[in-house]
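None of these values were measured; they are calculated from a predicted model.
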Amino acid sequence: MKKNVFLLPTVLAVIFTVIILLGSFIWFSANTDAMIESTTSFYLETNARSQAAAFQTKLSSYVEFLELAARAWSDIDMEDSSVVMDNMSRMKVFGNFSKVTVIMKDGRMIDSGRNVLGDFSKTPFFSRAMEGLSTISDSVQYGGDDGDFLTISVPIISGGETKGIMYGQFPLSALGELIEAVGFQQTSTSLLLSGDGTILARSSGSSLVTDRILNFYDLGTSWGIDGEKSLVDVKLDIIGGKTFTIPYQSGSRERLAILTPVNMNGWYYAIIISQEVIHAQSKTLSLNLLIVVLMLSFAFVLLFLAILNLIRQNSIVEMANDRFRIVTTQTQTIVFDYDFLKGRIELNGNASFISPSARESYSHDEILRILCRILHENDRSVVSELKSIYESRKQSIMREMRIMCADGNYYWYKMTGTVIRNEDGEPIRFVGNFVNVEDDVMKEEILKKKAERDTLSGLLNKGAFTNYVTRELYYSKNECCYAFYIIDLDNFKKVNDTLGHIVGDHVISSVSQKICTVFSENDFVGRIGGDEFAVFMKLPALDKQQWRGIIGKKAAALCKFIDEVYSDGKSSVRITSSIGISLYPDDGRNFEELYGKADLMLYNSKNSGKNKFSICE
């Protein structure tokens, strides 16, 4: 009888718990759509801001490309149209531009075919560029068979005066690639809108917004939930320059639009998603929740049975503690619990990997002294962060730091902690753990290095090369001297056209190895274009005459090593190199200046017969 009396409350508790779980499921299912729509809206608004910022950065980089090209033209006589035509005939279209031309001071445009295309002096961008301002057109230009495009114009400045304009046409097809959103794949469409709602560009791969829709305001037949918003309300929200989510209907189809400003030309970035995606997620989530509820109910019954069993078998608890100690020792994990009122921290887990004399309990002052001793000097800011917990309102802290272990070496650990507060918001306890993440950090470091490398040549890619050189110059504090090489392959296009791209790839790989043979591991070597390479070499503490001797020997060795005939058995092509060299600090004090001077020297080498090198005087 006593046994039945003891089991009755347990059975009732299990039944009551199952009822609560089922009731929670019913309530959750009824509110799933609203919760998912709210979560999706928050995610998409965050995603839209991120994509808009990324688009602005990408498009700005093309402005920087043109500005870099304009700086290379700063020493060219822009008053002499024949000189301009000669330089334009040698200029290559770069990036995603469909056409790059130069506009002279009198408004005449000259293209790479030495053609004069007309007078552009009356255009709005011409006056802004002549005032020294770079400009992106805020509307689409219609190019007929060549395709629609935006225009980017930057001034060519020499001696503080605008001598001409570098003018690029950026095709809408490339613009569409820049606004591709990540997150919903084929279930969404990204749009770039002008201030009046005109669709300037759209992502590919989705039928949510067809090509016949030319203006965003033509998408919806009704706006808002149940059509409570007018089209005027939507336009006012856009004019207000804020990020917002708006449901709308297009006929019988339900859509969700997320809009955010681009902060460029008054443009807006928009993501369109079908509401069917949200409804499908709701059904899937409800089904999964039902399965979870059933599993939890079953698990809850088992839990009660296990508890009854554990009461009779206290030894199982000890076994669990032993397993915990083994796991924490193997993974080098320490669980901590800091009591603010007592000013003491309790540690669980084997901390002998940090110190053989580690204890299970420390005072506030003791643990701070230990942290200051074992933390890497670059990670000691975590101590200040821990001290600030009492004054701040932080609920959790997660930091990676290097800790000196018993073997005297530093290893990466992740600290994750949660602050428990009372009703007044004052911290009571700080609970968390330290986990060894050395392997994960090392893997991330390897992935980072892979991302910096050009896949074909194995050299630094252009972005990584630029970052390394810029950082080296920043930390040099003008105490060092450097040589900046630009190496361009002669006749490389003929290899691809005559021998094929497989041989062309072999040429790039072979030349990369030869460049690395000439320079040391301490020099930065990168592939910054299709057949263009760059080297940034630190010069020894010698006089300038000795520098030029070293630089000349390196360049001569490059010309000799690279000079080779490649063949496919039927045709042969001789590959040589033209090299331009600038010096830091004489020829420039930043990456752009050194690159520009070296590029001018490269053109000198090309113009004087190729297979040569030129050094800035």
- [ ] Apply salt bridge (charged side-chain N to carboxylate O under 4.0 Å, His left out) to Arg255 and list each qualifying residue two or more places apart in sequence or on a separate chain.
- [x] none

Task: Short side-chain donor-acceptor distance under 3.5 Å, Tyr269 and Ser190 - done: yes

TODO: Output yes when a side-chain donor or acceptor of Ser121 lies under 3.5 Å from a complementary backbone atom of Gly107, and no otherwise.
DONE: no

Task: Stepwise side-chain contact (heavy atoms from CB on, under 4.5 Å) test for Val431 and Asp337 - done: CA-CA 4 Å; Val431 182; Asp337 185 347; 3.6 Å; yes

Task: Near-ring test Phe216/Trp223, centroid separation under 6.0 angstrom - done: yes

Task: Ser457 side, atom OG; Ile508 side, atom CD1 - distance, nearest 0.5 Å - done: 7.5 Å

Open item on the list: Taking the side chain as everything from C-beta on, heavy atoms only, tell me whether Pro155 gets closer than 4.5 Å to Ser134.
Closed with: yes

Open item on the list: Tell me the closest heavy-atom pair linking Leu191 and Arg202, and the distance in Å.
Closed with: CD2-CB, 3.5 Å

Task: Minimum side-chain heavy-atom gap Leu594-Leu473 below 4.5 Å - done: yes

Task: For the student: nearest non-hydrogen atoms of Tyr248 and Ala257, plus distance - done: CE2-CB, 3.8 Å

Task: Asn461 CG to Ile528 CD1 distance, which is reported to the nearest 0.5 Å - done: 11.5 Å

Task: Minimal non-hydrogen separation, Ser153 against Tyr167, with atom names - done: CB-CD1, 4.3 Å

- [ ] Provide the closest heavy-atom pair for Phe524 versus Glu472 in the form atom of the first, atom of the second, distance.
- [x] CE1-CB, 3.9 Å

Open item on the list: Any heavy-atom pair between the side chains of Ile152 and Phe97 that's under 4.5 Å?
Closed with: yes

Task: 4.5 Å side-chain heavy-atom contact, Trp73 and Met91 - done: yes

Open item on the list: Under the criterion side-chain contact (heavy atoms from CB on, under 4.5 Å), I'd like the reasoning laid out for Thr470 against Asn590: C-alpha separation, chi angles, the key distance, then a yes or no.
Closed with: CA-CA 7 Å; Thr470 301; Asn590 57 48; over 6 Å; no

Open item on the list: Using only atom types and a distance under 3.5 Å, with no angle test, would you say the side chain of Asn115 pairs donor to acceptor with the backbone of Leu117?
Closed with: no

Task: With sequence neighbours excluded, residues passing salt bridge (charged side-chain N to carboxylate O under 4.0 Å, His left out) with Asp196 - done: none

- [ ] Answer yes if the ring centres of Phe465 and Tyr468 are under 6.0 angstrom apart, and no otherwise.
- [x] no

- [ ] Taking the side chain as every heavy atom from C-beta outward, state whether Pro427 and Ile420 have any atom pair closer than 4.5 Å.
- [x] no

TODO: Compare all side-chain heavy atoms of Leu200 with those of Leu193 and state whether any distance is below 4.5 angstrom.
DONE: no

Open item on the list: Check whether Ser50 reaches the backbone of Thr46 with its side chain - one donor and one acceptor, N or O, closer than 3.5 Å.
Closed with: no

- [ ] Begin from the C-alpha positions of Leu66 and Phe170 and carry the test side-chain contact (heavy atoms from CB on, under 4.5 Å) through to its verdict.
- [x] CA-CA 11 Å; Leu66 275 188; Phe170 196 83; over 6 Å; no

Task: Separation between CZ of Phe340 and CZ of Arg429, rounded to the nearest 0.5 Å - done: 11.0 Å

Task: Any Thr416 side-chain heavy atom under 4.5 Å of Val435 side chain - done: no

Task: Student check: side-chain heavy atoms of Val102 and Met166 closer than 4.5 Å - done: yes

Open item on the list: With rounding to the nearest 0.5 angstrom, report the CD1 to CG distance, Ile199 to Leu214.
Closed with: 7.0 Å

TODO: Could you pull out all residues at least two apart from Ile428 that satisfy side-chain contact (heavy atoms from CB on, under 4.5 Å)?
DONE: Asn422

TODO: To the nearest 0.5 angstrom, please state how far the CG atom of Leu59 sits from the CD1 atom of Ile136.
DONE: 4.0 Å

Open item on the list: Give me the atom names and distance for the closest heavy-atom approach of Ile110 to Met88.
Closed with: O-CE, 3.7 Å

Open item on the list: Check whether Arg421 reaches the backbone of Glu423 with its side chain - one donor and one acceptor, N or O, closer than 3.5 Å.
Closed with: no

Open item on the list: Given Glu67, which partner from the list Ile156, Ile157, Val154 fulfils the side-chain contact (heavy atoms from CB on, under 4.5 Å) test?
Closed with: Val154

- [ ] List in chain and number order the residues that pass side-chain contact (heavy atoms from CB on, under 4.5 Å) with Gln56, two or more places apart in sequence or in another chain; answer none if no residue qualifies.
- [x] Ser60, Val262, Asn263, Met264

- [ ] With sequence neighbours left out, write down each residue that passes salt bridge (charged side-chain N to carboxylate O under 4.0 Å, His left out) with Glu161, or none if nothing qualifies.
- [x] Lys105, Lys163

Open item on the list: Nearest 0.5 angstrom please: Glu452 CD to Asn467 CG, how far?
Closed with: 8.0 Å

TODO: Please check if atom NZ in Lys229 has more than 12 non-hydrogen atoms from other residues, nucleotides or ligands closer than 6.0 Å.
DONE: yes

TODO: Applying salt bridge (charged side-chain N to carboxylate O under 4.0 Å, His left out), name anything that partners Asp599, two or more places apart in sequence or on another chain.
DONE: none

Task: Atom of Pro171, atom of Ser98 and distance for their closest heavy-atom approach - done: CD-N, 3.7 Å

